Amino acid sequence: VTTAPERAIRSVLVAGGGITALSAAIAFARALPNVSVSLLETPLDPGALVDRLPGTMASVHGFHRRIGVDEVELVRSGAATHVVGTRFENWGEQSWYHVHGDYGLPGTGTPFHWIWLAAWKAGKAKPFHLYSAPAALAAAERFIHPVPDPASPLHAYDYDLRLDPSRYCEILSAVADRYRITRERGGLEGAERREDGGLAAVRLKDGRRIEADLFIDACGPSAPLLSIVGGAFESWSEALPCDRLLLATSSTATPTPTDSITAMPWGWRWTSPGSSHSLQAYVYASTISSEREVRIASGGDAEAISFRPGRRSEPWARNVLAIGDAAVVVDPLYGAGSLLALSAIQRALDLLPGRDCYPLTLREYNRLTEAEALRARDFLSLHYLASSRRYGPFWKAMAKRDRPNSLAHILRQWTYRSQLPFYQEASFTREGWHAVLLGMGVMPRHIDYRASALDPEQCALVLQQTKEAIAKLPTALLPYPDYLRRMIGR
Amino acid sequence: VEDRKQRVVVVGGGTAGWMVATTLVRLLPHACTVQLVESVEIGIVGVGEATLPHLRAFVQTLGIDEAEFMKTTHATFKLGIDFRDFGRIGTAYLHPFGDFARPVNDVPFYHYWLRMRAEGRRDSVFEYSVANVMSAANRFAPPATDKASLMSTISYAYQFDATLFAPYLRAYAEARGARRTEGKVVEVEQDPQSGDITAIKLENGPRIEGDLFIDCSGFRSLLLGGTLEEPWEDWSPWLPCDRACALPCTPLPGPIEPLTRATAMTAGWRWRIPLQHRVGNGYVYSSSHISDDEAVRAITGAVEGKPLAEPRILKFRAGRRRNGWSHNVVALGLASGFLEPLESTSIYLVQAAITQLVELFPHGGIEPADRNEFNRMMDLEYERIRDFLILHYHATERDDSDFWNHVRTMEVPVSLEEKIELWRKEARVARHNTGLFHEPSWVAVYIGQGIVPEAWDQRADAPDSTSLGQGLDHLRAQIRQVVATLPDHREFIERRNAAIAEPVT
């Protein structure tokens, strides 16, 4: 018997009604086999974007590997399809693609955006996305899993999964059973506090009480458990203006590995064609446009969802840890909320304190979580506050908004010298920033000295060869529905 | 329309001056002209012999052949720093370059070790550092690129003759267009409105104009501290050592240790750095605790070889200029601040500042935001290194002298106090993704100096004791086995030198 187990967490209660709660419970049960993990299944909060929307980011693959979820199984059961890229339309002068991966061909050596900028300065560059293999696949609506050969242009990229929330929950549910997670059902009635201010137990409507050393609040934006012990809310409505979403599904879809996000006069429309149905989300700012205006586009059946972008300033307070929308609500662009949720779960495990929830550890957790959330906020905010689009009331209003200081700093570094400053805990890559900035036409005044030293003619030649090689890639690939059929062996 | 080239004037030609000159002519030849002013009369400090693994990136950027570079500067390989008598007299540990084994199930290796230690296992965590086992056996081979190999967990740096490093870089820079002017600066001209420096005048008449001035004038901090009066932040309450007595000696026969040794002394510590042609030695001490004479006697009594020169005393103080970049002056190295050489950070700090300068190199006029960004990044570097250095003194049981009583009981910066608490209580190392000294470095010093936490990562409880114990036994044996096949450090160097002398045709 040692000293550490005396302080070790013995029991964890995860409360929530969807993907976030299941993911957290499974991750904790897997990493901590000696801890008893229970899941209190509360009704799904309609405003919990992470639990409601199908977007995930590539980081989900690592999570699936850890917990033993097989991608083929996900696809076979209709819970997942692939997204190799997202097409952005009408945000600036031209379309662009968001992808995960390198630009250019393998083995170039020099950072590709330098080559592009040097050629662009000489007037010899085509749109940036034409030099990205995954963007070419997305444009052609083809998909292939990255190939193992590092010399292939189809090697260095990743992809997202488009998950069907209810089917995905069924799969996670089965995994939860494998990890022997105890299930409780029932509405939350209240909680009992410990002497130190933390939670001792939650009380359910049916009169039962459940004790735990650590409580994970994955109940969505209302954060009923975190709110008991603290959890001031910091609004991001200036940086992330959208706060309403109309969600519609249509059943007559052919799946594609390409999502599209189209700027509209009132905000933007997201189209995500999965295997059994296609989802449309209409995202807008209630302070600028009325639901009636947006319904003209969405049709009458769409479900209205309200959300409020922002974060809890202390997502881990005492022995209550908030995950997902209970901790941070971000704009639904890119499904960044699910990325932040998975990252928070892993960080909590990496820093897991003893059951006294040592304040310095929580502070370190909250510090890193804040840094990550702010970086994500700035990346999303970029789409609104740096766009040159002026058509429509939403965009006219955006043009007048002040940028958060950190975003203003990033944009200054970019427009002045084509560089992006370094920040800790950045979840979106430099390539991702480049794609948006160049895609929206936010061009640098000076290009990096190391780029301007390159020979523009040589760079133009590299670009031309790259574009030709990349343009050919999709033609050799199966149409996506055939690829899917082959993958699941049908 | 491209801007005209920036006229860069480097004041001072030591390690810092020639490092920045070589970098600029190599990376930004189309953006600037480089003129370096130095005076042979002033000379350079040049005792810095120890470096960190980052310097390899510098060598690569310049496109220099490593073997040739090492031969010219009489360099040896360095796998870490061997600290003796720090936590307690009679103890020793290596701050290794590289990691302790590899994480298992997302959990850093040392947590499993901490758990097994609590269960009664009696081995040292350093037995799981490949760099440590290698250096104890005086063996060396470069790291493996294959992540599956244990040899991929190591890293290395150089130990070289710093007085040969600057001339080596000078030849490189001059061959690529840097101009060198001999002379002492006697006057500095400033723009009356902005306060920016416009020109410097040299003793024998020449006047040199510039757009950007790089102050590499050493402790004098001629432009930043002198002309611009940038305030000094004093860190000597935490880092009281303010003198060094250097005493290079003849090399010893037998194996060359691939490490720098730092041995704690009554009023500081002494270094021992084996190069190919000599062994560098020196005593870093606090002048308020012992006199120069005592220090000279102590180092003279401690060295192994025959002295190659008279003992030479250097004076300094710990601290830094508040901003390293002010107006159009960027100070590098000692002109911007000084942290004692305990963790070989001097050259690293020069390199880090140069990297930032290249990233933020002005197009036309200097933007205040660029200066702020440079200063923000350098603040992070300086403060983290400061805390890491203080830890070496503060984490001790020594009570055998006033010096050690002072550093053991002094109040440390809150940022460090919290880091130590986080480790002691929870076995966590505060994370940052930039700058120096990551998790394994902190773990080495904590454990090496006797701060062993009461806890470990709870995920390390997952395996049962027996199989975990067997796993550790196996890993330890594997590391020994791998190391036993590696070449001797001296032989490795001699073979490489010979290959340069007689190129195969």
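Note on naming: letters A, B, ... go to the chains in the order of the sequence lines (proteins, then strands), and numbering restarts at 1 for each one. Predicted, not measured: the structure shown is a model, and the values here were computed from it.
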Report the option among A:Arg363, A:Glu364, A:Arg417 that has the most heavy-atom pairs separated by less than 4.5 Å from atoms of chain B.
A:Arg417
Validation row, ring centre A:His434 to ring centre A:Trp414 under 6.0 Å:
yes
The interface call for B:Asp457 against chain A, heavy-atom contacts under 4.5 Å, is side chain
B:Leu28 versus chain A, heavy atoms under 4.5 Å apart: side chain, backbone, both or neither?
side chain
Side chain, backbone, both or neither: which part of A:Pro421 has a non-hydrogen atom closer than 4.5 Å to chain B?
both
Output the distance between atom CG (A:Asp350) and atom OH (A:Tyr365), rounded to the nearest 0.5 Å.
10.5 Å
Name the region of B:Leu114, side chain, backbone, both or neither, that has any atom closer than 4.5 Å to a heavy atom of chain A.
neither
Heavy-atom pairs under 4.5 Å with chain A are the metric here; pick the option from B:Val107, B:Asn105, B:Asp370, B:Val358 that has the most.
B:Asp370
Ring centroids only, cut at 6.0 angstrom: are B:Phe437 and B:Trp442 within range, meaning strictly under it?
no
Looking only at the aromatic ring of each residue, does the gap between the centers of A:Phe428 and A:Trp433 stay below 6.0 angstrom?
no
A:Arg412 portion near chain B, given a 4.5 angstrom heavy-atom threshold
side chain
Check whether B:Glu359 gets within reach of chain A through its side chain, its backbone, both or neither, counting any heavy atom under 4.5 Å.
both
Whatever's closer than 4.5 Å to a heavy atom in chain A on B:Pro103 counts as neither
So, B:Tyr110 versus B:Phe100, ring centres under 6.0 angstrom or not?
no
Verdict with supporting geometry, A:Tyr179 and A:Val37, side-chain contact (heavy atoms from CB on, under 4.5 Å):
CA-CA 9 Å; A:Tyr179 282 106; A:Val37 177; over 6 Å; no
Are B:Arg428 and A:Pro353 close enough that some pair of their side-chain heavy atoms sits under 4.5 Å apart?
no
